[in-house]
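All values derive from a computational prediction rather than experimental measurement.
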Amino acid sequence: MLATAHLTPREPGEGERFRIELATDLSRVGEVVETVCAGCFARTAASRRTQFRLCTVLAEALANAMLYGNSGDPSRHVIVDVELREDFIVIAVSDEGDGFNHNAVPLPIGDESLEATRGRGLFMIHRLADDVAFNDQGNTIWMTLPRQ
């Protein structure tokens, strides 16, 4: 069971929001992804491509927040904020870590990165989301995707 999950109605035309807060536990990533996808597509039919994109970027962002942001510490939490608009979805994933400089993460492309163990998830997020942004501290990522 998720620690917190609630849908917050907003003004007409502004969409809806919901938040999930959970302790750092990689075994919960699939459950959170399923919950968020169900909430995002409950009232809007989405293509399989859009569903795949959302599931993948969210799973990668959650894993990064838990493994790197929270250093796997189960006493630290990850927060997922979702904003549903008519045509798009904005998902924010925040951890309790010190953050990082996302510009310093090399792209895992080229022969020299075949053995790279870091940066692949972030690379996929950038490729699959329409827009990606970070807060100044580097412990929150915002990902924008189409809703259909």
Side-chain angles (χ1 to χ4, degrees), residues 2-22 24-26 28-72 76-110 112-114 116-148:
L2 297 174
T4 321
H6 62 278
L7 190 64
T8 306
R10 303 188 70 211
E11 295 297 317
E14 287 190 15
E16 298 171 306
R17 293 180 184 220
F18 62 95
R19 168 177 278 197
I20 297 172
E21 182 177 343
L22 69 154
T24 296
D25 178 354
L26 285 172
R28 308 283 305 282
V29 169
E31 176 187 1
V32 173
V33 170
E34 286 178 22
T35 300
V36 170
C37 283
C40 289
F41 303 125
R43 297 181 202 147
T44 303
S47 69
R48 293 182 73 182
R49 183 177 191 278
T50 296
Q51 291 177 34
F52 169 80
R53 290 170 64 193
L54 177 71
C55 291
T56 302
V57 300
L58 180 55
E60 290 296 333
L62 283 167
N64 284 346
M66 290 180 183
L67 287 172
Y68 303 116
N70 287 346
S71 301
R76 289 182 162 185
H77 292 87
V78 174
I79 297 173
V80 179
D81 285 304
V82 180
E83 181 177 354
L84 302 174
R85 294 292 186 124
E86 185 176 333
D87 295 330
F88 62 92
I89 301 164
V90 179
I91 299 175
V93 176
S94 303
D95 60 61
E96 295 180 332
D98 295 332
F100 76 111
N101 178 356
H102 63 94
N103 292 317
V105 177
L107 294 177
I109 54 176
E112 68 280 356
S113 65
L114 289 175
T117 59
R118 291 188 148 198
R120 293 182 191 274
L122 197 54
F123 178 74
M124 285 194 308
I125 290 170
H126 278 286
R127 290 290 194 191
L128 293 173
D130 288 352
D131 188 47
V132 178
F134 293 86
N135 67 348
D136 289 339
Q137 183 177 332
N139 69 338
T140 299
I141 182 172
W142 288 274
M143 302 166 291
T144 304
L145 295 113
R147 191 153 179 202
Q148 299 180 3

Rounded to the nearest 0.5 Å, how far apart are [atom1] of [X] and [atom2] of [Y]?
X: His102; Y: Ile125; atom1: NE2; atom2: CD1; value: 12.0 Å
X: Cys40; Y: Leu145; atom1: SG; atom2: CG; value: 9.0 Å
X: Leu62; Y: Glu31; atom1: CG; atom2: CD; value: 11.0 Å
X: Glu16; Y: Arg85; atom1: CD; atom2: CZ; value: 11.5 Å
X: Leu58; Y: Ile20; atom1: CG; atom2: CD1; value: 8.0 Å

Sequence-distant partners of Phe100, ring-ring contact (aromatic ring centres under 6.0 Å, His included), two or more places apart: Phe134
Using salt bridge (charged side-chain N to carboxylate O under 4.0 Å, His left out) as the criterion, list what pairs up with Arg53, not counting sequence neighbours.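 Salt bridge (charged side-chain N to carboxylate O under 4.0 Å, His left out) check on Arg53 returns Asp130.
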Applying salt bridge (charged side-chain N to carboxylate O under 4.0 Å, His left out), can you list everything that pairs with Asp131, at least two apart in sequence or on another chain? none
Please examine the side chains of [Y] and [X], heavy atoms only from C-beta on, and report whether any two atoms are closer than 4.5 Å.
X: Asp95; Y: Tyr68; answer: no
X: Val78; Y: Thr24; answer: yes
X: Asp81; Y: Arg17; answer: no
X: Leu84; Y: Arg43; answer: no

Could you pull out the closest heavy-atom pair between [X] and [Y], with the gap in Å?
X: Ala65; Y: Val93; answer: CB-CG1, 4.0 Å
X: Val90; Y: Trp142; answer: CG1-CD1, 4.1 Å
X: Asn70; Y: His77; answer: ND2-O, 3.0 Å
X: Ser94; Y: Thr140; answer: OG-OG1, 2.8 Å
X: Gly121; Y: Glu60; answer: CA-OE1, 3.2 Å
X: Phe18; Y: Val36; answer: CZ-O, 3.9 Å

Partners meeting side chain to side chain donor-acceptor pair (under 3.5 Å) with Asn64 (sequence neighbours left out): none
Considering residues at least two apart in sequence or located in another chain, which fulfil the side chain to side chain donor-acceptor pair (under 3.5 Å) criterion with Thr50? Ser47
Go through the structure and list residues passing side-chain contact (heavy atoms from CB on, under 4.5 Å) with Cys37, not counting sequence neighbours. Val33, Phe41, Leu54, Cys55
Is the number of heavy atoms from other residues, nucleotides or ligands within 6.0 Å of CG (Asp98) greater than 12? no
Check: Asp87 side chain, Arg147 main-chain N or O, donor-acceptor pair, under 3.5 Å: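 Side chain of Asp87 to backbone of Arg147, a donor-acceptor pair under 3.5 Å: no, none is there.
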